[in-house]
Amino acid sequence: AQSVTQLGSHVSVSEGALVLLRCNYSSSVPPYLFWYVQYPNQGLQLLLKYTSAATLVKGINGFEAEFKKSETSFHLTKPSAHMSDAAEYFCAVSVGNDMRFGAGTRLTVKP
Amino acid sequence: GAVVSQHPSWVICKSGTSVKIECRSLDFQATTMFWYRQFPKQSLMLMATSNEGSKATYEQGVEKDKFLINHASLTLSTLTVTSAHPEDSSFYICSTGQGAYNEQFFGPGTRLTVL
């Protein structure tokens with residue numbers, strides 16, 4: 001079965017600094033990979049998805065992620081953090097209708 | 001992406017009562033919907049997969065008789081928490097799996113508090 005591991009339950013950056021949220025996956029077949037963001041007391045919003053069309057995926061709000069098969073990674077980055085980026089971020093992997101989420105990484109942005 | 005709504009957004013009930021949560025797909029017909037549960041500062045836990053016109057498929061450890069799911073139409077799935085107890089207090093989120101690459105689109109969630 002597929003799974004994802006998010007390294008770091010909490011990441012804190014200064015406003016304007018680089019954001020790097022780490023995700024490693026495990027799958028016996030080529031996976032689809034996703035990053036979702038969740039603001040307090042809200043559902044999940046899709047940031048971006050990897051579908052094998054391109055290894056570097058650009059998403060909304062300036063985020064992007066790079067699929068590295070050799071490292072089984074799909075890390076999320078943003079060049080310059082904004083206060084509004086503070087939220088919980090979930091990496092997910094799906095095979096068919098079966099989607100599995102990582103434990104989540106809480107991003108804090110300091111002024 | 002698809003637009004999914006949930007109602008109510010929050011509910012407080014007394015122990016022993018039943019609570020119904022609605023999940024609606026507003027702009028497409030959803031043959032499959034998913035129900036998740038999320039505890040504070042934790043990830044989403046899949047409870048069940050709701051299939052239009054047939055019985056839901058429950059994950060291991062989820063009580064079918066306690067969490068009743070009905071998917072009677074292509075736009076509505078409901079989750080009823082029967083005889084709710086304080087340990088059922090949680091954030092319940094529904095989603096659809098209609099994305100071209102199996103991405104899911106989530107509702108805003110329902111916070112249930114059982115007193």
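So you know, we letter chains A, B, ... as the sequences are listed, proteins then strands, and number each from 1.
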*Find out whether A:Gln38 and B:Ile93 are in side-chain contact, i.e. whether some heavy atom of one side chain is under 4.5 Å from a heavy atom of the other.*
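The answer is yes; the side chains approach within 4.5 Å.
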Roughly how far, to the nearest 0.5 Å, is the [atom2] atom of [Y] from the [atom1] atom of [X]?
X        : Y        : atom1 : atom2 : result
A:Leu44  : B:Gln38  : CG    : CD    : 7.0 Å
B:Leu46  : A:Met99  : CG    : CE    : 10.5 Å
B:Ser43  : A:Arg100 : OG    : CZ    : 11.0 Å
A:Phe101 : B:Gln104 : CZ    : CD    : 5.5 Å
B:Phe106 : A:Gln42  : CZ    : CD    : 14.0 Å

At a 4.5 Å cut-off on heavy atoms, which part of [X] comes close to chain B: side chain, backbone, both, or neither?
X       : answer
A:Gln6  : neither
A:Tyr36 : side chain
A:Leu46 : side chain
A:Asn41 : both
A:Phe90 : side chain

For atom [atom1] of [X], is the number of surrounding heavy atoms from other residues, nucleotides or ligands below 6.0 Å larger than 12?
X       : atom1 : value
A:Lys69 : NZ    : no
B:Asp65 : CG    : no
A:Arg22 : CZ    : no
A:His10 : NE2   : yes

Co-membership, hydrophobic cluster, residues [X] and [Y], 4.5 Å side-chain:
X       : Y        : result
B:Leu79 : B:Val62  : yes
A:Val11 : A:Leu76  : yes
B:Val81 : B:Leu115 : no
A:Tyr50 : A:Phe34  : no
A:Val4  : A:Tyr32  : no

_Engaged part of B:Gln6 at the chain A interface, taking heavy atoms whose separation is under 4.5 Å_ =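 Nothing of B:Gln6, per the 4.5 Å heavy-atom cut-off to chain A.
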*asked:* Quick check on the interface: out of B:Gly107, B:Cys94, B:Ser9, B:Pro108, who has the most heavy-atom pairs with chain A under 4.5 Å?
replied: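 Ranked by contacts with chain A, first place is B:Pro108.
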